[in-house]
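No hydrogens, no waters, no symmetry mates; every other heavy atom, side chains included, goes into these values. Each chain gets a letter, A, B and so on, in the order the sequences are listed, and its residues count up from 1. These numbers were taken from a predicted model, which means no experiment stands behind them.
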2 protein chains.
Amino acid sequence: MPGATRRPVRRRADVVAAALDLLARVGLPDLTMRALGAELGVQQSAIYHHVESKQALLGAVADEILARGPRRRPRADAGPLDVLRLRCEDVRAAVLAYPDGADVVMSMWAFGLGGRSPVAEVDALLGSAGVPAEHVTTAGRTVLHFVYGHAYDEQSRAQAARAGIVTADAPADFATGLGIVLAGVRALAEDGRAGGSQPG
Amino acid sequence: MPGATRRPVRRRADVVAAALDLLARVGLPDLTMRALGAELGVQQSAIYHHVESKQALLGAVADEILARGPRRRPRADAGPLDVLRLRCEDVRAAVLAYPDGADVVMSMWAFGLGGRSPVAEVDALLGSAGVPAEHVTTAGRTVLHFVYGHAYDEQSRAQAARAGIVTADAPADFATGLGIVLAGVRALAEDGRAGGSQPG
DNA sequence: ACCTGAACACCGTTCAAGT
DNA sequence: ACCTGAACACCGTTCAAGT
């Protein structure tokens, strides 16, 4: 190994960081424990000293993808739904920054192994916007389902195109789709303020 | 030998049907080509005589899951968005009827290998509801992203719970989430009628 | 045309053994 | 504590050969 520099201590964070680098270079299907071992300069079995399983590793990768994403400051006069739109665009940018990033984050979020970091702020913004407390969790999931689902769709279609599969469909407009979801959220908030029932 | 008595011919449809049965019994992770061969009483390599690859098979499985789903008749006085709600509930019922059904349908749809069957009717209903033509495709994808994303979430959490992973979150309310998306669609339709810009 | 039998090139995970 | 080396029990896919 010419110029092999042995790192003093390998920690879990090193394994996760190497997994991110590997994901960026080769994509999720080639992010194998063997390839990750090679990336770290150890046997694949050594990885299990730092993470319990590949799924747990991917949960940490999902969290790191979100943590590395942008976090733009809202304008001073921005309302809660304006800030929410900004956060959704930031989350989208975060998952699009890595190949299969939306796949990793969405599946780990659904599996309860990661991807929870945007939830608290999204829910808080929905509450500020006037969404009734009993519907905040559901509304937050609806917003994030759209953001992740749209990004997943976009990355999958790009991957399919690379694999030579005809898709024929034009890419869907994120801004318009998010506008639809946020308009529905606004209706739910106004409905809550008026003391009415669910939107329908 | 037309008309001659011979062993039952295995066709592609038989392979797909057997894959559905196997999916129902063991779930997607255990739906392997070897297990499918055993289900059909042939070697795994024989399956490749009827389908090009496992991905192509899963595309056909996705289409079949949707085709086997319910298709309720709308009431005579139902408007386009009422019918759309009914269709969304039907699609949801279809994918929830099989373990990992939402995963299969969503990923094959995103990959362009199946799951396209609800798109035409959803888009037609959105057009009838007054969504501007240039936004119909995007609105349709937004609706289906929600339906698939919600079902995927629900099935994943159930699977995580079975695997002993703590999820803590209550299941999100489908009716409320769909109400949010449809309220946003209505706002887009009214906006289109008023000649205004995108909702926001 | 349809299928077998065997192989190829991989996986994630485990574990006794080393240091 | 951290890692090696080797194995275990699998994958999807290919292909010459049979019928």
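Contacts classified as salt bridge (Lys or Arg N to Asp or Glu O under 4.0 Å) and involving residues 100-118 of chain B (residues at least two apart or in different chains) are given here: A/Asp169-B/Arg116. Counting only residues at least two apart or in different chains, salt bridge (Lys or Arg N to Asp or Glu O under 4.0 Å) contacts with residues 44-53 of chain A comprise A/Arg12-A/Glu52. Residue pairs meeting the ring pair (Phe, Tyr, Trp, His ring centres under 6.0 Å) criterion with at least one partner in residues 54-78 of chain B, sequence neighbours excluded, are absent. Every pair passing salt bridge (Lys or Arg N to Asp or Glu O under 4.0 Å) that includes a residue from residues 22-34 of chain A is listed here, sequence neighbours excluded: A/Arg25-A/Glu39. Within the structure, the salt bridge (Lys or Arg N to Asp or Glu O under 4.0 Å) test picks out the following pairs touching residues 121-132 of chain B (sequence neighbours left out): B/Arg71-B/Glu121, B/Arg87-B/Glu121.
Smallest separation of non-hydrogen atoms from B/Leu23 and B/Tyr98: CD2-CB, 4.0 Å.
Remark: A/Gln155 engages no residue in a side chain to side chain donor-acceptor pair (under 3.5 Å) (not counting sequence neighbours). In this structure B/Arg162 satisfies the side-chain contact (heavy atoms from CB on, under 4.5 Å) test together with B/Ala158, B/Gln159, sequence neighbours excluded. Considering only residues two or more places apart in sequence or on other chains, B/Ser53 meets the side-chain contact (heavy atoms from CB on, under 4.5 Å) condition with B/Gln55, B/Ala56. Every residue two or more places apart in sequence or in another chain was checked for a ring pair (Phe, Tyr, Trp, His ring centres under 6.0 Å) with B/Phe111, and none qualifies.
Atom-to-atom, CD1 of A/Ile47 to P of C/dT13 comes out at 10 Å; the value is rounded to the nearest Å. Counting to the nearest Å, the C1' atom of D/dC10 and the CG atom of B/Asp30 are 11 Å from each other.
Of the residues in residues 100-111 of chain A, none has a non-hydrogen atom less than 4.0 angstrom from any atom of DNA chain D.
Contact annotation: A/Gln43 reaches the phosphate of D/dG5 (side-chain N/O to OP1 or OP2, under 4.0 Å).
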(request) Go ahead and write out DNA chain C as dot-bracket, 5' to 3': ( ) for pairs within the strand, [ ] for ones crossing earlier pairs, | when the partner sits on another strand, dots for unpaired; Watson-Crick or G-U wobble, both distances under 3.5 Å. (result) ||.|||||...|||||.||
Polar-atom pairs under 3.5 Å, protein N or O versus N or O of nucleotides 14-19 of chain C: list them with distances, or write none.
none

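Place B/Thr32 and A/His49 on DNA chain D by their nearest nucleotides, and A/His49 ends up nearer the 5' end.
For the P atoms, the distance from C/dA9 to D/dA9 is 22 Å, rounded to whole Å.
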